[in-house]
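Nothing here was measured: the structure is a model prediction, and the numbers come from that model. Numbered from 1 within each chain, the chains take letters A, B, ... in sequence-line order.
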Amino acid sequence: MNVWQLILITLVKIIIIITILLLSVSYLVLFERKISAWAQNRYGPNRVGYWGLLQPFADVFKLLLKEDIVPEAANKFIHSLAPFIALFIAFSTYAVIPFGPQVKIFGEPIKLVVADVNIGVLYVLALTSLGVYGITLAGWSSGSKYSLLGGVRSSAQMISYEVSMGFSIAGVLLTAHSLRPIAIVNAQYGWMWNAILQPIGFITFTVAAFAETNRMPFDLPEAEPELVGGYHTEYSSMKFAGFFLAEYANMIIASAMIVTLYLGGWQIPYIDKLGLSMGLTTILQILAFVVKVGIMLFIFIWVRWTVPRFRYDQLMNLGWKVMFPLSLLNLIWAALLVMIFNL
Amino acid sequence: MSLNVILFFVLALIAAVSSVMMITRRQAVISALFLVINFFALAGIYLLLQAQFIAVVQVIVYAGAIMVLFLFVIMLINTETEEKFLERAKSFKIFAIAIALLVFAEMAYAILHAHPSALLPKISENVSNGTIQSVGKALYTDYVVPFEAAGFLLLSATIGALILAKKKFD
């Protein structure tokens with residue numbers, strides 16, 4: 001395979017992934033509105049298209065036609081830049097997440113991941129640690145105290161939970177002996193899922209993922225009763241849609257990361273023992289990945305409509321005094337597993 | 001010119017321009033953002049040198065953690081009083097220029113008198129030097145004492161900061 005073929009294949013993969021992500025983000029919004037409606041004994045959107053299936057497009061057109069307002073006191077350039085930072089980081093994280101095994105198309109082996117790099121997990125950590133810029137800058141540049149408070153809160157929250165997130169991942173790296181996402185998935189062959197081997201790490205990582213994506217029990221940066229809209233109070237039209245999209249894209253990426261690191265990625269336990277053909281196995285495995293991500297997304301939404309919001313001191317106490325020691329405990333547990341069972 | 005050389009010049013240009021922009025901007029937040037761009041360019045240069053671990057850690061630690069805290073502080077303090085302070089104390093400028101000249105002379109001396117081979121070490125000999133596996137192995141075998149000493153130093157600094165902050169509250 002020469003360089004041009006490689007570039008072409010990568011470009012095709014990027015286009016496919018971006019399209020799927022954008023579509024699933026808009027349908028995730030509908031999914032969330034439907035689930036919230038069921039949780040509250042309502043019908044949810046059901047006017048636009050059958051079962052409300054065209055609602056996402058109606059929403060996008062509505063936002064496109066709105067006036068884009070930039071406040072007088074805002075720093076104009078950074079105010080416009082912030083949603084792009086948030087979107088860019090949300091979408092580029094997906095480059096290292098594998099969504100299927102290696103396949104052969106026209107005799108060429110193709111890995112179902114955009115970039116198979118040997119520091120993949122660190123790449124995700126680096127990008128999530130940058131995610132805070134979009135929100136912080138949005139809060140600061142709006143020139144409004146609600147926005148600023150939301151931005152400052154979010155940076156404190158994201159930095160606090162990044163610590164327990166990093167330590168939970170360290171446990172996974174110990175048992176997988178690699179930072180390469182594909183190797184981590186392969187190490188979870190059969191029922192050797194990290195969620196089963198390291199249940200504490202699974203819980204701390206999931207909680208940290210909720211906090212990093214600013215989802216419900218941790219949505220203090222945009223707590224509407226206290227902060228109006230938090231960091232995006234002063235945003236309207238497509239810039240607001242940018243933050244909205246980034247939030248849901250982050251949710252999908254967090255779910256995909258949880259699946260890759262803890263739930264065996266695209267693997268179906270012992271499917272290779274069934275003697276199915278290569279093509280069918282691959283399709284089933286990609287479907288398994290999609291279903292697992294879907295279940296995680298459902299849990300994200302379910303929690304949002306069930307659990308009330310934390311108070312700020314509770315959030316910090318939980319992050320530093322509960323989640324951080326627990327993730328350290330998990331690291332010791334993972335090290336013991338590696339030492340005793342030679343995983 | 002190979003791709004590596006072109007990439008190096010592009011990244012070096014970004015790094016140089018962003019650092020100049022950083023020190024010439026009036027608004028502290030904009031300066032901080034230019035510093036972040038500078039960190040990214042540096043991380044790119046590390047990647048060209050096959051030091052992947054350093055490159056990613058540069059982004060995680062400097063751009064992701066330290067600069068966020070900087071930004072945090074800049075947003076909370078009133079930068080106008082700082083500007084007035086600089087306007088009042090004109091004599092500071094003489095000191096600043098003197099120190100800048102001193103540092104410049106020092107660096108120029110070091111670069112001009114260093115042996116060329118020390119400036120351009122052969123990176124092609126051992127490409128795996130910069131990967132996380134080899135860095136980790138080196139840190140926990142050959143350099144375990146300095147590594148633990150550095151960890152101990154950071155721990156004591158953390159405890160010191162905690163005590164200083166607590167004193168103010170009590």
Heavy-atom closest pair, residues A/Arg180 and A/Ser178: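 Result for this residue pair: N-OG, 3.0 Å.
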Please name the pair of heavy atoms, one in A/Thr93 and one in A/Tyr123, separated by the smallest distance, quoted to 0.1 Å.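 In terms of heavy atoms, the two residues are closest at O-CE2, 4.2 Å.
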What option among A/Leu125, A/Val132, A/Leu137, A/Leu148 has the most heavy-atom pairs under 4.5 Å with chain B? A/Leu137
Heavy-atom distances under 4.5 Å only: say whether B/Val57 touches chain A with side chain, backbone, both or neither. neither
Please classify the contact between B/Phe40 and chain A as side chain, backbone, both or neither, with a heavy-atom cut-off of under 4.5 Å.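 Answer is side chain: those atoms of B/Phe40 sit under 4.5 Å from chain A.
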I need the residue from B/Ile30, B/Ile60, B/Val36 with the largest number of non-hydrogen atom pairs under 4.5 Å to chain A.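 Heavy-atom pairs under 4.5 Å are most numerous for B/Ile60.
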Which residue out of B/Val68, B/Leu71, B/Val59 racks up the most heavy-atom pairs below 4.5 Å with chain A? B/Val68
Verify side-chain contact (heavy atoms from CB on, under 4.5 Å) between B/Ile74 and A/Trp140, making sure each step is shown before the conclusion. CA-CA 10 Å; B/Ile74 292 169; A/Trp140 176 78; over 6 Å; no
One pair to check against side chain to side chain donor-acceptor pair (under 3.5 Å): A/Ser168 and A/Thr204. What are the steps and the verdict? CA-CA 7 Å; A/Ser168 321; A/Thr204 51; 3.0 Å; yes
Could you look at A/Leu179 and say if it's the side chain, the backbone, both or neither that has a heavy atom under 4.5 Å from chain B? side chain
Is A/Leu127 in contact with chain B via its backbone, its side chain, both, or neither, using a 4.5 Å heavy-atom distance?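 Looking at A/Leu127, nothing touches chain B.
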Does the A/Asn330 side chain pair with the main chain of A/Gly201, one donor and one acceptor, at a distance under 3.5 Å? yes
Would you say that more than 12 heavy atoms from the other residues, nucleotides or ligands in this model lie under 6.0 Å from the OH of B/Tyr62, or not? no
